[in-house]
Amino acid sequence: MRPILAVLPIGLALACDPPQPATAALPVEATVVEAPAAPTAWPLNPPDPASMPEGPLGDSIRRGEVLVRHTARELPQHVGAAMNCTSCHLQAGTVAKAGPWVGIAGVFPEYRSRNDQVITLADRVNDCFQRSMNGSPLPVDSADMTAILAYMTWLSQGVPVGLSVEGRGFPHLDAPAPPDPAHGQALYAEKCVACHGAEGQGVTGPDGEPVFPPLWGDRSFNISAGMARQNTAAAFIRWNMPLGQGGSLSDQDAQDLAAFFTVQPRPDFARKGEDWSHGGKPADARY
Ligand code: HEC
Ligand code: HEC
């Protein structure tokens, strides 16, 4: 909504009106409506896919969408996990509380305490390649990196620069209760095992395409990924799992599930010693 600043154009009105007898003049008051406080979050409205441009820019945006949806298949040399970007950023980054990318082009560069640096959106994408995908970074000047950024920029159109959308990231649960991993294990057997497997290994299709992504083990995200943190995993589960029934679990159940599955064996991260080197380490960091 735009702030309304209405001031009655008194001088103009008088100049155009025919002369009036003084007795007929009514008191005229200038009205000033208070500007509402500037918004801090913007509604999440992904653009209509039909509005993707044609031509070379449209081709790059479309390539970017293919890459984030089929990352393991398209970029096997950069991806160690049986995972696509959309395994966590649901529906190609268009869903609130599921790591949406709508508006993301206007909030980077941003300071991140984990890196102790102001980082670009390309750096942030590469963080997920190295941690969440347990892989290696894309060259920042490659056509594929440009395509991913073109897709995210297209998703971000209409969101004012500097504003985050509502439901950015995986909004943390209000009052994290002390988690109970044994209860989490029981819930896992009841509600998650059918898709993610008894060993957390998930299901990978014959073409290497992840069908149900792994929650732990060699083909999952590594120990330095955001999803390896208790609060982030609990929030993701609370809002998004079981698939298609997001919001059905209680805060406590989501905490218990996260406490069970995040501490299962998963790949290490060689450069973890460099993280939060100047402070800002969150309480639920794994190392
Ligand atoms: C295992 C889950 C997972 C996978 C897979 C994953 N990410 Fe992420 N991503 C996260 C988490 C967790 C965050 C941090 C969100 C937060 O800060 O609350 C994140 C953050 C981001 C951000 C910044 C979002 C923001 O609001 O600041 C971008 C951009 C991003 N990821 C891109 C990617 C791309 C591109 C891929 C694929 C190459 C990918 N991610 C794969 C979990 C994942
Ligand atoms: C019906 C199948 C299904 C069930 C049941 C299910 N998931 Fe998932 N889960 C998925 C799919 C599919 C994805 C990837 C999202 C996508 O591709 O759209 C996913 C993604 C995830 C992820 C992020 C990616 C990763 O591998 O780490 C986590 C964490 C997760 N699920 C946890 C759970 C938990 C905990 C439960 C039980 C409460 C659960 N899921 C139940 C299908 C399921």
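Model, not experiment: these values are computed from the prediction. We're numbering straight along the sequence, starting at 1. Read the numbers this way: they start at 1 and go in the same order the structure lists the ligands and their atoms.
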query = Looking only at protein heavy atoms, which one is nearest to atom 28 (C) of ligand 1, and how far off is it?
reply = Trp101 NE1, 3.6 Å
message = Under the salt bridge (Lys or Arg N to Asp or Glu O under 4.0 Å) test against Arg238, which residue among Asp253, Asp256, Asp251 passes?
response = Asp251
Short side-chain donor-acceptor distance under 3.5 Å, Asn222 and Ser224 = yes
ask   = To which protein heavy atom is atom 9 (N) of ligand 1 closest, and what is the distance rounded to 0.1 Å?
value = His89 NE2, 2.9 Å
note = Residue, atom and distance of the protein heavy atom nearest atom 19 (C) of ligand 1 read Arg124 NH2, 3.3 Å
message = Using a 3.5 Å distance criterion without hydrogens, assess whether the side chain of Thr262 forms a donor-acceptor pair with backbone atoms of Gln230.
response = no
ask   = Going by the order shown, which atoms of ligand 2 are within less than 4.0 Å of some heavy atom of Phe261?
value = 29 (C)
request  = Could you tell me if any non-hydrogen atom of Val211 lies under 4.0 Å from any atom of ligand 2?
outcome  = yes
task = For Phe108 and ligand 1, answer yes if some heavy atom of the residue is under 4.0 Å from a ligand atom, otherwise no.
result = yes
ask   = Nearest to atom 3 (C) of ligand 1, what protein heavy atom do you find, and at what distance?
value = Cys88 SG, 2.8 Å
key: Name of the residue among Thr153, Leu138, Ile61 meeting side chain to side chain contact (heavy atoms under 4.5 Å, CB included) with Ile148   = Leu138
message = Closer than 3.5 angstrom, by distance alone: can the side chain of Trp239 be matched with the main-chain N or O of Gly246 as a donor-acceptor pair?
response = no
query = Going by heavy atoms, is Asn84 under 4.0 Å from ligand 1?
reply = yes
message = Does ligand 1 come near enough to Glu110 that some N or O of the ligand is less than 3.5 Å from an N or O of the residue?
response = no
request  = Record the part of Ser87 in heavy-atom contact with ligand 1 below 4.0 Å; permitted values are side chain, backbone, both and neither.
outcome  = neither
ask   = For atom 42 (C) of ligand 1, what is the nearest protein heavy atom, given as residue, atom name and distance?
value = Ser132 OG, 3.7 Å
request  = Run the contact test for Leu121 against ligand 1 with a 4.0 Å cut-off on heavy atoms, strictly below, and give the result.
outcome  = yes
